[in-house]
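Remember, it's 1-based here, ligands and their atoms both numbered in the order they're listed.
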Amino acid sequence: MQLSNFEAILSQVRDFSATAENIESLQQFTVKLIAEKLPHYNWVGFYMLDPVDPQTLVLGPFRGAATPHVRIPVTQGICGAAVAQEQTVVVDDVASDPRYLACSLETRSEIVVPIRAGGKVVGEIDIDSHARAAFQREDGRFLEECAALIGAYIERTETKR
Ligand code: SME
């Protein structure tokens, strides 16, 4: 059931990315779709590396509670760790992870998946859940495929990077 949901979302993101006017509209489409189809993904958003300060992540389109973390140095947070390690980071219980930067008091678990373009990490997809250990291997695979679609769009549309 979940897997077919994942497939349906990926197919819609893929279709939208073929004609999206810009990266922001593709990101807006993606966060809205994911938040609607997967209600236990309680916060869904993008952080992208600042092109003029690539050591800092900047909040992009998101769904969920407002966050104080609009800019995150890559040395901080679960968000920073995913960029620093260039890999997906899953935290089953944010309360026991000293790296965690709190957004909502209700958050229990988090997954952050890097987005690559031209072989480099350019940003990430960040998901929080109110449920503990909400993110399994299939969620990681699904979000990595989403990140690959976004990265491919960036490669197609941004010549200078
Ligand atoms: N929890 C993240 C910060 C971003 S908010 O969850 C939206 C972190 O630890 O990096």
Side-chain angles (χ1 to χ4, degrees), residues 2 5-6 9-10 12-13 16-17 20 22-117 120-151 153-154:
Q2 185 91 307
N5 229 346
F6 290 160
I9 293 168
L10 288 169
Q12 285 191 58
V13 171
F16 191 90
S17 74
N22 53 51
I23 183 65
E24 286 76 23
S25 67
L26 176 58
Q27 290 172 321
Q28 288 288 3
F29 178 86
T30 304
V31 294
K32 180 170 186 285
L33 184 64
I34 292 178
E36 280 171 4
K37 298 273 183 202
L38 303 170
H40 63 296
Y41 283 28
N42 298 101
W43 194 95
V44 180
F46 286 94
Y47 280 94
M48 303 303 285
L49 289 172
D50 184 344
V52 297
D53 174 13
Q55 294 304 301
T56 303
L57 289 155
V58 182
L59 179 63
F62 71 95
R63 285 283 161 135
T67 173
H69 303 294
V70 175
R71 293 178 68 84
I72 303 177
V74 296
T75 51
Q76 291 180 22
I78 317 271
C79 286
V83 173
Q85 296 172 20
E86 300 192 2
Q87 63 184 16
T88 298
V89 176
V90 179
V91 177
D92 286 343
D93 176 11
V94 294
S96 65
D97 192 317
R99 298 171 300 181
Y100 176 65
L101 300 171
C103 166
S104 159
L105 286 177
E106 290 177 290
T107 297
R108 292 287 170 271
S109 58
E110 178 160 9
I111 182 169
V112 185
V113 177
I115 298 167
R116 291 179 183 79
K120 282 195 208 155
V121 173
V122 295
E124 60 194 25
I125 305 175
D126 178 19
I127 315 282
D128 293 347
S129 180
H130 297 172
R132 209 180 159 282
F135 306 109
Q136 308 305 316
R137 193 182 287 254
E138 311 82 67
D139 297 88
R141 273 201 288 262
F142 157 65
L143 291 166
E144 283 164 7
E145 287 190 49
C146 264
L149 291 173
I150 304 290
Y153 179 88
I154 293 171

Location of contacts on [X] toward ligand 1, heavy atoms closer than 4.0 Å:
X	value
Phe62	neither
Asp126	side chain
Val112	neither

Geometry only, no angles: is [X] polar-contacting ligand 1 at N/O separations under 3.5 Å?
X	value
Leu101	yes
Thr67	no
Ile78	yes
Ile72	no

Would Ile127 and Trp43 count as a side-chain contact (heavy atoms from CB on, under 4.5 Å) here? Give the steps. CA-CA 5 Å; Ile127 315 282; Trp43 194 95; over 6 Å; no
For Ile111 and Val89: C-alpha separation, side-chain torsions, deciding distance, then whether side-chain contact (heavy atoms from CB on, under 4.5 Å) applies. CA-CA 6 Å; Ile111 182 169; Val89 176; over 6 Å; no
So, Thr88 versus Glu144: side-chain donor-acceptor pair below 3.5 Å or not? yes
Distance-only donor-acceptor check, side chains Asp139 and Tyr41, under 3.5 Å: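 Short answer, yes.
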Number the atoms of ligand 1 from 1 as they appear, then name those within less than 4.0 Å of a heavy atom of [X], with their elements.
X	value
Gly77	8 (C), 9 (O), 10 (O)
Cys103	5 (S), 6 (O), 7 (C)
Tyr100	1 (N), 9 (O)
Trp43	7 (C)

Taking C-beta and beyond as the side chain, do Arg108 and Ser129 meet within less than 4.5 Å on heavy atoms?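 No - every pair of side-chain heavy atoms lies 4.5 Å or more apart.
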Is the shortest distance from a Lys or Arg side-chain nitrogen in Lys32 or Glu36 to a carboxylate oxygen in the other one below 4.0 Å? yes
Could Arg71 and Asp53 be called an ion pair, given the rule that one side-chain N must be under 4.0 Å from one carboxylate O?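 Yes, charged N to carboxylate O under 4.0 Å.
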Could you identify the single nearest non-hydrogen protein atom to atom 6 (O) of ligand 1 and state the distance to 0.1 Å? Asp128 OD2, 3.0 Å
Show, in sequence, the C-alpha distance, side-chain angles and deciding distance for Phe46 and Phe62, and conclude whether the side-chain contact (heavy atoms from CB on, under 4.5 Å) test is met. CA-CA 6 Å; Phe46 286 94; Phe62 71 95; over 6 Å; no
Please state which option from Glu110, Glu124, His69 has its nearest heavy atom closest to atom 2 (C) of ligand 1. Glu110
Chi angles and distances behind the side-chain contact (heavy atoms from CB on, under 4.5 Å) call for Leu49, Thr56: CA-CA 6 Å; Leu49 289 172; Thr56 303; over 6 Å; no
